[in-house]
Amino acid sequence: MKVKSEVGHQMLIGELSERTGVSRRLLRYYEDQGLLESARSTSGYRVYGEEAPRTVQRIRTLLDMGLTTRTIASVLPCATGDGNEPLELEMCPSLLATIRRELAELDERIDELQRNRGALAAQIGC
DNA sequence: CTTCTCACA
DNA sequence: TGTGAGGA
């Protein structure tokens, strides 16, 4: 058996891109935003570990929840949800605060949208 | 494959 | 938030 370092599946950006369906350009962008990290090969290429595809998936689902990259950068370390559907967050006081703040901003936007909707609907007698 | 920049939706 | 292009 492998007693020492299990290197796992390392990959370059092209492979990570294919496995995740996220463009290379976007993967670099995520790294720029502090969401994704990579090691470098001797030739300067980005090298990703085997957990990278899962990390990218988590980034995608958090973006789909409407979070900004900045927020995701702080939330991501708490994300432990495995590969598929349900993202699981290891809750802690600061994460809870972040989520509550996000909900509050969402409620504010909803209120504003409802006011906009009301004003507009009134114009056609609804 | 890398970096950077400018521009744009 | 995400992309394309051009150049070193």
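For clarity, every value in this text was computed on a predicted model and none was experimentally measured.
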query = Do side-chain atoms of A:Ser17 reach the backbone of A:Ile13 as a donor and acceptor pair under 3.5 angstrom?
reply = no
A:Glu105, CD: over 12 other non-hydrogen atoms inside 6.0 angstrom = yes
request  = Check the surroundings of atom CD in A:Glu18: do more than 12 heavy atoms from other residues, nucleotides or ligands lie under 6.0 Å from it?
outcome  = no
remark   = Contacted region of DNA chain C by chain A, from 5' end to 3' end of the hits, cut-off under 4.0 Å to heavy atoms, spans C:dT1 to C:dA5
task = Could you pull out all residues at least two apart from A:Ser38 that satisfy side-chain contact (heavy atoms from CB on, under 4.5 Å)?
result = A:Glu31, A:Arg40, A:Arg46, A:Tyr48
inquiry  = Considering every strand and a 4.0 Å limit on heavy-atom distances, what is the contact class for A:Arg70: base, sugar-phosphate, or nothing?
reply    = nothing
query = A:Leu16 versus A:Val22: any side-chain heavy-atom pair under 4.5 Å?
reply = no
inquiry  = Can you tell me if A:Arg46 touches the phosphate of B:dT2, counting only side-chain N or O atoms and a distance under 4.0 Å to OP1 or OP2?
reply    = yes
query = Near DNA chain B, which residues from residues 19-44 of chain A have a heavy atom under 4.0 Å away?
reply = A:Arg24, A:Arg28, A:Arg40, A:Gly44
inquiry  = Counting only heavy atoms from other residues, nucleotides and ligands, does the tally under 6.0 Å from CD of A:Glu51 exceed 12?
reply    = yes
message = Checking base pairs now: Watson-Crick or wobble, both atom distances under 3.5 Å. What partners C:dA8?
response = B:dT2
task = Select base, sugar-phosphate, or nothing to describe what A:Leu63 touches, counting heavy atoms under 4.0 Å on all strands.
result = sugar-phosphate
task = Take A:Leu89 and A:Ile99 through the test side-chain contact (heavy atoms from CB on, under 4.5 Å) and record every step on the way to the result.
result = CA-CA 11 Å; A:Leu89 297 180; A:Ile99 292 176; 4.2 Å; yes
query = Would the number of heavy atoms belonging to other residues, nucleotides or ligands and lying under 6.0 Å from CZ of A:Arg28 be above 12?
reply = yes
